[in-house]
Number of protein chains: 2
Amino acid sequence: MLQLTKRTEYGLIALVHLVDRRDEFVSAREIGDAYHVPRRLLAEVLKELCRADLLLSQRGANGGYSLAREPENLTLAEAVQILEATPSAKDGSTCETSAWSSCDLISTCPIKTPIERLRAGIWGLLNQTTLRDLATPAPVNPLGELIESAQASSLSARLS
Amino acid sequence: MLQLTKRTEYGLIALVHLVDRRDEFVSAREIGDAYHVPRRLLAEVLKELCRADLLLSQRGANGGYSLAREPENLTLAEAVQILEATPSAKDGSTCETSAWSSCDLISTCPIKTPIERLRAGIWGLLNQTTLRDLATPAPVNPLGELIESAQASSLSARLS
DNA sequence: CCAAGTAGCACTATTTTGGTGCTATTTGAG
DNA sequence: CTCAAATAGCACCAAAATAGTGCTACTTGG
């Protein structure tokens, strides 16, 4: 099931924040304070991202988190897949068979139900968009174009 | 909050089903039976779509539902917005100020938080895709291209 | 040694979701 | 005229998901 939850929101905020601080370890406290996000919950999300090897962690004083990869080759698909994962579905085996994993979605890809096509489309968007795209305000990325079109069509929709 | 729920799934299934039955009234029973969807729940969803003027309804024997518009000019954005609407947020005033309405999303469109950009991107995709696109198996539509890219990238992801 | 961190897990209150019950109304057909 | 098959409109419930917190253990720089 596609869900963009607070966990995802906090996780993406943190990831974007870390883009500007490469080769540095940033604490959960700092990020939480910067965006007025519940510190403890954010910490929990960061731990998840760390377990999934999207982040590196440094324990102890002056510790914190840092991107484990260049923002250019970290797709939102990866991040969202981790952030939206149900805590119950963390056993690795059922993780891959969930409705949201790319594999079963694609393996049955003469797609049947409409919602599966829609999910696949959104998945494609997430796969095309990197953390760099998300962090860059310029509209020269997949997200940018789709945001443009959202603007246009919503404007016409307001007139109906 | 973006959520693709069962309601949305059932609603989209029904809408697609109705594409092939223009100028005809199809009962909730028929659709429910055809896709093994709980009849009562589907009926509830169809009523919602009807209240939102996406469907026309005919009461009484031989009654049912029919598309109120050509599939070409019914965007998924509209459908999803209605189907995902919380029953509590059905008061029309707060409906427009929810995080998911296009208007407030766009009005503040020097977008701030990452998740808002992401939501706008998904919204753009939904705005570009019509019910016709969803009903058409051919990949000559926005969804199709993104599904292609989902296939490609998931394949490469499997190798990592 | 200690303060500031992360690691890990369990737990709770609230909200959301999926689904059902019930009654009223409409309408075509026998 | 009556009945069966529909939609219309609520209200309701159980189960699941979500957001958030508590607590303890471990690590590490100063």
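Since the structure is predicted, the reported quantities are computational estimates derived from the model, not experimental observations. Every chain is numbered from 1, with letters handed out A, B, ... down the list of sequences.
Scored by the side-chain hydrogen bond (donor to acceptor under 3.5 Å, both in side chains) test, Ser27(B) finds no partners at all (sequence neighbours excluded).
Within the structure, every side-chain polar atom (N or O) of Arg39(A) is placed at least 4.0 Å from both OP1 and OP2 of dT21(D). At the phosphate of dG19(C), OP1 or OP2 sits under 4.0 Å from a side-chain N or O atom of Tyr10(B). An OP1 or OP2 oxygen of dA8(D) is reached within less than 4.0 angstrom by a side-chain nitrogen or oxygen of Ser57(B). Look at Thr5(A) and you won't find any side-chain N or O under 4.0 angstrom from OP1 or OP2 of dA17(D).
For Arg132(A) and Glu70(A), the salt-bridge test fails: no basic side-chain N is under 4.0 Å from an acidic carboxylate O. The pair Lys6(A)-Glu9(A) meets the salt-bridge criterion, since a charged nitrogen lies less than 4.0 angstrom from a carboxylate oxygen. Using a 4.0 Å cut-off between charged side-chain N and carboxylate O, Arg51(B) and Glu48(B) make no salt bridge. Under the 4.0 Å criterion applied to side-chain N and carboxylate O atoms, Arg39(A) and Glu30(A) are not assigned as salt-bridge partners. Salt-bridge formation is not detected for the pair Glu116(B)/Arg119(B): no Lys NZ or Arg NE/NH1/NH2 atom is positioned less than 4.0 Å from an Asp or Glu carboxylate oxygen.
Looking at residues 28-38 of chain B, you'll see Ala28(B), Arg29(B) sit with a heavy atom under 4.0 Å from some atom of DNA chain D.
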Determine, for nucleotides 22-30 of chain D in 5'-to-3' order, which nucleotides have protein heavy atoms under 4.0 Å from the base (write B), from only the sugar-phosphate (write S), or from neither (write -). BB--BBBS-
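Within 4.0 Å (heavy atoms only), Phe25(A) reaches no atom of the nucleic acid at all.
Rounded to an integer number of Å, the gap from Leu42(A) CG to dT18(D) P is 18 Å. As a whole-Å value, the separation of Tyr65(A) OH from dA4(C) P is 17 Å. Across the protein-nucleic acid pair, Lys6(B) atom NZ and dT17(C) atom C1' stand 11 Å apart, rounded to whole Å. dA17(D) atom P lies 17 Å from atom CG of Leu4(A), rounded to whole Å. What separates CD of Glu24(A) from P of dG5(C) is a distance of 14 Å, to the nearest Å. In this structure, CG of Leu83(A) is placed 14 Å from C1' of dT18(D), rounded to the nearest angstrom. The distance from atom CG of Leu46(B) to atom P of dG18(C) is 15 Å, rounded to the nearest whole Å. Going from atom CD of Glu48(B) over to atom P of dG19(C) covers 14 Å, rounded to whole Å.
Although no hydrogens or angles enter the test, the distance criterion places no donor-acceptor pair under 3.5 Å between the side chain of Arg69(B) and the main chain of Leu55(B). With hydrogens and angles ignored, the 3.5 Å screen pairs a side-chain donor or acceptor of Ser66(A) with a backbone N or O of Glu24(A). Looking only at distances, a side-chain donor or acceptor of Thr129(A) sits under 3.5 Å from a matching main-chain atom of Leu125(A).
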